[in-house]
A.B. asks: 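Attaching a single structure in structure tokens format; questions to follow.
Model, not experiment: these values are computed from the prediction.
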Amino acid sequence: MKHSKLNRLGLAQVAGKLERGEDQVLKAIRSGQAKLVFVAQDASPRTQKKFKDKCSYYKIPINLDHDTLAISQALGKKRSICALTDPGFAKAFLD
């Protein structure tokens, strides 16, 4: 079930509704574009705290359920942080 949901990240990426990497995701959070943020559970504690704090402040849901390998496989490139910028993709993932 988890991996079928992660496949939606790949679809969002193709649709241009996904930001990847720390800087781009932080920018999306601050601008209000991010609707759901993914941080790998094996990311550093400092990185996890930074994104938890930002998401909490801006009231954006955060997902810490997947590791870097699973996120990277879904995106086709090594990533540990990404954000959905489309409310429809975010809702589909959260349901």
Side-chain angles (χ1 to χ4, degrees):
M1 182 72 170
K2 278 187 177 184
H3 293 294
S4 65
K5 279 191 166 188
L6 276 182
N7 289 337
R8 294 177 187 162
L9 288 179
L11 293 173
Q13 178 175 249
V14 171
K17 304 295 183 183
L18 186 81
E19 294 294 338
R20 300 163 304 279
E22 280 193 44
D23 293 338
Q24 293 298 332
V25 172
L26 281 173
K27 185 177 173 183
I29 291 170
R30 290 181 184 128
S31 70
Q33 291 178 326
K35 306 303 179 202
L36 175 60
V37 174
F38 293 85
V39 178
Q41 57 189 203
D42 55 351
S44 74
R46 182 174 177 239
T47 299
Q48 286 185 14
K49 181 182 180 341
K50 175 170 50 172
F51 281 93
K52 283 179 190 176
D53 291 348
K54 287 288 181 196
C55 288
S56 174
Y57 181 80
Y58 288 97
K59 296 179 178 41
I60 297 169
I62 187 169
N63 181 298
L64 300 160
D65 295 338
H66 309 286
D67 61 12
T68 300
L69 180 62
I71 293 170
S72 299
Q73 286 177 337
L75 299 177
K77 189 170 186 176
K78 186 171 180 178
R79 295 285 182 218
S80 59
I81 300 168
C82 62
L84 291 169
T85 57
D86 180 79
F89 278 111
K91 184 180 182 315
F93 198 95
L94 293 170
D95 286 344

A.B. asks: With a 4.5 Å cut-off on side-chain heavy-atom distances among I, L, V, M, F, W and Y, is there a chain of contacts connecting V25 to F38?
C.D. replies: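 No; tracing contacts between hydrophobic side chains, which count when under 4.5 Å, never links both residues.
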
A.B. asks: Determine whether L64 and Y57 fall in the same hydrophobic cluster, where Ile, Leu, Val, Met, Phe, Trp and Tyr are linked whenever their side-chain heavy atoms lie under 4.5 Å apart.
C.D. replies: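 Yes, it is one cluster - the side chains of L64 and Y57 are joined through contacts under 4.5 Å.
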
A.B. asks: Which atom pair, heavy atoms only, marks the closest approach of F89 to A15?
C.D. replies: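 Closest heavy-atom pair between F89 and A15: CE1-CB, 4.1 Å.
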
A.B. asks: Mind checking the CG-CG spacing from L11 to D86? Nearest 0.5 Å is all I need.
C.D. replies: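 It comes to 11.5 Å.
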
A.B. asks: So which heavy atom on T68 is nearest to which on D42, and how close?
C.D. replies: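 So the two residues come closest at OG1-OD1, 2.7 Å.
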
A.B. asks: Looking at CD1 of I60 and NZ of K52, how far apart are the two atoms once the value is rounded to the nearest 0.5 Å?
C.D. replies: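 Those atoms lie 16.0 Å apart.
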
A.B. asks: Is the backbone N or O of I81 less than 3.5 Å from a side-chain atom of E19, with the two atoms forming a donor-acceptor pair by type?
C.D. replies: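 Side chain of E19 to backbone of I81, a donor-acceptor pair under 3.5 Å: no, none is there.
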
A.B. asks: Transitively linked via ILVMFWY side-chain contacts under 4.5 Å: I71 with L69?
C.D. replies: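 No, I71 does not connect to L69 through the hydrophobic network.
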
A.B. asks: Work out which heavy atom in R20 is nearest to a heavy atom in R79; give both atom names and the distance.
C.D. replies: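 Looks like CB-NE, 3.5 Å.
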
A.B. asks: Go through K49 and D53 one step at a time and tell me if the side chain to side chain contact (heavy atoms under 4.5 Å, CB included) criterion holds.
C.D. replies: CA-CA 6 Å; K49 181 182 180 341; D53 291 348; 2.6 Å; yes

A.B. asks: Evaluate the ring planes of F93 and H66, with Trp represented by its six-membered ring, and classify them as parallel (under 30°), tilted (30 to 60°) or perpendicular (over 60°).
C.D. replies: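 The arrangement is perpendicular - the two ring planes meet at more than 60°.
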
A.B. asks: How long is the straight-line distance from CG of L26 back to NZ of K50, given to the nearest 0.5 Å?
C.D. replies: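 Between K50 NZ and L26 CG, I get 5.5 Å after rounding to 0.5 Å.
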
A.B. asks: I'd like to know if L36 and Y58 are part of one continuous hydrophobic network [Ile/Leu/Val/Met/Phe/Trp/Tyr, side-chain heavy atoms within less than 4.5 Å].
C.D. replies: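 No; L36 is not reachable from Y58 via cluster members.
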
A.B. asks: Do the side chains of K27 and D23 get close enough for a salt bridge, i.e. N-O under 4.0 angstrom?
C.D. replies: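 Not counted as a salt bridge, because no side-chain N and carboxylate O are separated by less than 4.0 Å.
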
A.B. asks: Of all the heavy-atom pairs spanning K35 and P61, show the shortest one and how long it is.
C.D. replies: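 Where K35 meets P61 most closely, the heavy atoms are O-CD, 3.3 Å.
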
A.B. asks: Show the nearest heavy-atom pair for residues L75 and G10, with the distance to one decimal.
C.D. replies: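 In this case the closest contact between L75 and G10 is CD2-N, 4.4 Å.
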
A.B. asks: Hey, does the side chain of K77 reach the backbone of A74 with a donor-acceptor pair shorter than 3.5 angstrom?
C.D. replies: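 Side chain of K77 to backbone of A74: no pair is present.
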
A.B. asks: In chain order, what residues pass the ring pair (Phe, Tyr, Trp, His ring centres under 6.0 Å) check against F51, with sequence neighbours excluded?
C.D. replies: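 None.
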
A.B. asks: Considering all heavy atoms of both residues, which atom of L84 and which atom of L18 are nearest to each other, and what is their separation?
C.D. replies: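 Residues L84 and L18, closest heavy atoms: CD2-CD1, 3.7 Å.
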
